[in-house]
Amino acid sequence: MTKPVRVRFAPSPTGPLHIGGVRTALFNYLFAKKHNGTFVLRIEDTDQNRFVEGTEHYIVDALNWCQIPFDEGPGKDGGFGPYKQSERKHLYKQYADQLIASGHAYYAFDSAEELDAQRKQCEQNKETFIYNWKNRAELNNSIALSEDVVAQKIENGEDYVIRFKMYDNETMSADSSISTDDSIRGFVSFKADLLDDKVLFKSDGMPTYHLANIVDDHLMEITHVIRGEEWLPSVPLHVALYQALGWEAPTFAHLPLILKPTGKGKLSKRDGDKLGFPVFPLQWTDPKTNEISRGYKEDGYFSEAVINFLAFLGWNPGTEQEIFSLEALCNVFDLDRVNKAGARFDPDKTKWFNHHYMQTQNNDSLAAQFQSSQPELSEIDINYIAMTINLVKERATFISDFWDLTHFFFQAPDTYDAKAHKKAMKEGTVELMTELIQVISNIETFETEDIQTQIKAWITSKEIGFGKVMQPLRLALVGALQGPDVFEIMFLIGKNETIKRIKAICESV
């Protein structure tokens with residue numbers, strides 16, 4: 001019987017969630033939903049020295065805003081909690097002891113000074129110090145020391161770590177390798193004798209990432225580990241740990257890096273600062289420095305757009321389709337279509353997605369957000385604002401674009417574009433505009449269609465070019481030769497305001 005799919009997103013609360021982390025969370029979420037599985041959030045906070053206050057809440061808020069909430073995690077116990085490693089530390093010692101007992105791990109008492117001396121010695125010999133099978137029998141550990149000495153050191157409270165015996169030259173051949181099948185990268189293999197003996201556990205009672213990660217994934221019955229490419233070098237240790245503990249390893253899948261817009265190097269916060277785009281889902285204020293980092297939400301991006309463009313950073317559907325709802329992504333997502341090569345981040349493409357999702361937004365919702373962001377609109381009827389947005393949103397990418405596109409609906413122009421004024425206000429224009437005022441005054445039903453019909457009929461009867469009237473009319477209403485349909489503008493601002501603005505431009509000549 002096939003095990004139910006269980007995946008996990010396991011960030012460390014050491015700072016705000018990078019957009020690359022959101023992409024990892026998204027791919028885990030999509031895979032889980034595709035297979036009717038469970039998406040688990042686990043907070044890996046074993047490194048208390050790097051813990052940053054507020055980041056756990058930030059992670060949860062970011063996932064919720066992106067509409068990819070976890071099924072299990074802090075506050076949502078599915079029977080596998082607790083979901084913070086700091087609350088699980090009582091679980092890890094027994095597995096470290098089990099590895100000691102089976103001969104797969106050993107105590108190491110080397111001080112920082114002793115290890116530093118070893119490194120310096122290797123540097124003098126133009127070598128790199130690696131704590132492994134070549135030198136472990138010569139160092140300060142339970143392999144080199146007698147059982148009595150080791151027991152005495154532990155009883156005396158000496159600091160120690162437990163290291164994993166990565167390669168044993170007595171039982172393994174020189175060409176031994178550790179390998180596994182990766183769902184994205186295929187067969188991956190590592191020469192065992194080149195690997196070091198990683199620290200698994202410290203005498204302060206805290207495990208390192210590697211041991212805690214393996215134990216938690218096993219106890220939480222994680223079936224697929226979908227994580228970033230930077231964890232690929234950890235695969236041989238993790239596979240070896242599963243083997244040493246007698247457990248079945250999950251299926252691994254290592255996602256490609258998200259690259260800078262230039263395509264060279266991993267995307268960083270500095271790239272966003274330099275080129276003017278956020279790299280975090282939500283705005284973040286550093287609790288120590290009060291430095292503010294921009295967020296996609298606060299910069300005006302829709303969560304649907306963020307999810308859509310993140311999905312294409314390393315994955316493709318195999319078709320030309322680019323617009324996918326979250327539900328559609330869940331249906332079509334497949335690890336087989338995730339690329340090995342890094343994915344170049346394109347800020348312009350993110351804006352393209354946002355422009356598309358702008359067109360799908362409810363006008364009333366956009367109006368409410370626009371009104372709250374613009375003090376000048378606090379007393380304006382929300383329905384009126386929604387009507388103006390309906391006319392201009394096809395040219396908007398962000399809500400912050402709306403004021404430039406609609407300000408003339410709320411206040412009359414106090415200046416006119418100089419070039420447009422010179423182009424539109426020619427000899428005889430004032431007389432035409434004065435006559436137009438009378439035409440407008442006589443329109444009984446001031447609706448868009450009637451306004452258009454009667455003004456166009458009047459222009460035709462005058463046997464003049466439409467531009468001679470429409471250009472100065474638009475300039476009078478907007479202050480520039482731009483904006484939506486003139487007759488829609490007239491309808492919304494009303495007859496009296498229209499006449500008032502035409503009179504104003506006539507007086508400007």
Side-chain angles (χ1 to χ4, degrees), residues 8 10-15 41-56 59 73-74 80-119 129-132 135-136 138-166 195-220 231 233-234 237-238 240-242 244-245 247 287-288:
R8 50 63 165 183
S12 298
T14 55
L41 173 66
R42 185 172 72 227
I43 304 297
E44 300 199 335
D45 58 349
T46 53
D47 190 350
Q48 290 294 304
N49 293 326
R50 297 178 60 216
F51 175 79
V52 176
E53 191 69 37
T55 49
E56 183 184 332
I59 290 166
F80 294 88
Y83 296 89
K84 294 183 188 180
Q85 285 187 337
S86 60
E87 297 174 1
R88 298 172 61 84
K89 59 184 180 181
H90 61 285
L91 300 171
Y92 306 117
K93 181 64 163 61
Q94 61 180 304
Y95 298 104
D97 290 342
Q98 180 180 327
L99 291 168
I100 290 279
S102 64
H104 289 98
Y106 57 93
Y107 295 104
F109 302 94
D110 314 89
S111 67
E113 292 75 20
E114 288 172 332
L115 293 176
D116 190 50
Q118 290 288 335
R119 291 188 188 94
F129 174 69
I130 302 176
Y131 203 127
N132 65 4
N135 56 17
R136 66 167 78 107
E138 304 163 9
L139 298 172
N140 189 7
N141 56 53
S142 59
I143 292 176
L145 302 171
S146 69
E147 289 185 15
D148 290 341
V149 172
V150 170
Q152 190 62 53
K153 282 178 174 287
I154 293 174
E155 186 178 337
N156 292 342
E158 288 192 29
D159 289 339
Y160 67 84
V161 297
I162 295 177
R163 288 182 179 272
F164 185 67
K165 189 185 288 186
M166 195 67 199
L195 302 169
D196 61 333
D197 292 353
K198 294 289 188 186
V199 174
L200 302 180
F201 199 84
K202 295 171 283 188
S203 56
D204 64 1
M206 289 298 289
T208 61
Y209 164 81
H210 298 291
L211 180 63
N213 178 276
I214 294 304
V215 170
D216 287 343
D217 282 348
H218 173 72
L219 296 181
M220 292 182 178
W231 293 111
S234 299
L237 172 59
H238 294 176
L241 277 169
Y242 275 105
L245 289 164
W247 298 338
K288 294 182 180 179

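Source: prediction; values computed, not measured.
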How close do L41 and P74 get, counting heavy atoms only, and between which atoms? O-CD, 3.6 Å

Correct closest heavy-atom pair for L211 and A96 would be CD2-CB, 4.0 Å

Heavy atoms from other residues, nucleotides or ligands near CD of Q94 exceed 12 (cutoff 6.0 Å): yes

Can you see whether Y131 has R163 sitting over its ring - NZ or CZ less than 6.0 Å from the centre and within 45° of the normal? yes

If you measure only the distance, is there a donor-acceptor pair under 3.5 Å linking the side chains of Y92 and D216? yes

Search all heavy atoms of F201 against all heavy atoms of P207 and return the closest pair with its distance. CD1-CA, 3.8 Å

Nearest atoms (heavy-atom pairs only) where L241 meets H210: CD1-O, 4.2 Å

Residues forming a side chain to side chain contact (heavy atoms under 4.5 Å, CB included) with L91, sequence neighbours excluded: R88, L219

Below 4.5 Å, heavy atoms only, C-beta onward: do L115 and F129 meet side chain to side chain? yes

Is any side-chain heavy atom of V199 closer than 4.5 Å to a side-chain heavy atom of I162? no

Less than 4.0 angstrom from a charged side-chain N to a carboxylate O is my criterion; do E44 and K84 meet it? no

Donor-acceptor side-chain pairing of S102 and H104 below 3.5 angstrom: yes

Ignoring hydrogens, what is the shortest heavy-atom contact between P11 and I59? Give both atom names and the distance. CG-CD1, 3.7 Å

Has the side chain of T14 got a donor or acceptor atom that lies under 3.5 Å from a matching backbone atom of F51? no

Does NZ or CZ of K153 come closer than 6.0 Å to the centre of the six-membered ring of F109, within 45° of the ring's axis? yes

Is Y209 close to W231 at the side-chain level, that is, under 4.5 Å between some pair of heavy atoms? yes

Below 4.5 Å, heavy atoms only, C-beta onward: do M166 and K198 meet side chain to side chain? no

Donor-acceptor pair, side chain of N141 and main chain of A144, under 3.5 angstrom: yes

Validation row: S12, R50 side chains within 4.5 angstrom (heavy atoms): no

Is the backbone of L200 close enough, under 3.5 Å, to the side chain of T208 for a donor and an acceptor to pair up by distance? yes

Going through the distances and angles, do Y106 and R136 end up as a side chain to side chain contact (heavy atoms under 4.5 Å, CB included)? CA-CA 10 Å; Y106 57 93; R136 66 167 78 107; 3.9 Å; yes

Within a strict 4.5 Å, meaning less than it, do heavy atoms of the L245 and Q98 side chains meet? yes

I214 vs W247, test: side chain to side chain contact (heavy atoms under 4.5 Å, CB included). Steps then yes/no. CA-CA 10 Å; I214 294 304; W247 298 338; 4.0 Å; yes

Regarding N156 and Q152, do their side chains bring together a donor and an acceptor under 3.5 Å, going by distance alone? yes

Any donor and acceptor pair, going by atom type alone, linking the side chain of E138 with main-chain N or O of N135 inside 3.5 Å? no

Test your reading of the model: is there a side-chain donor-acceptor pair from Y160 to the backbone of G157, 3.5 Å cut-off? no

Heavy atoms, side chains only, cut-off 4.5 Å: are N213 and R42 in contact? yes

Residues that Y242 engages under side-chain hydrogen bond (donor to acceptor under 3.5 Å, both in side chains), provided they are two or more places apart: none

Closest heavy-atom pair, L145 versus N140, reported as atoms and distance to 0.1 Å, is CD1-OD1, 3.4 Å

Would you mind reporting whether M206 and K89 have side-chain heavy atoms less than 4.5 Å apart? yes

Ion pair D197/K165, N-O distance below 4.0 Å: no

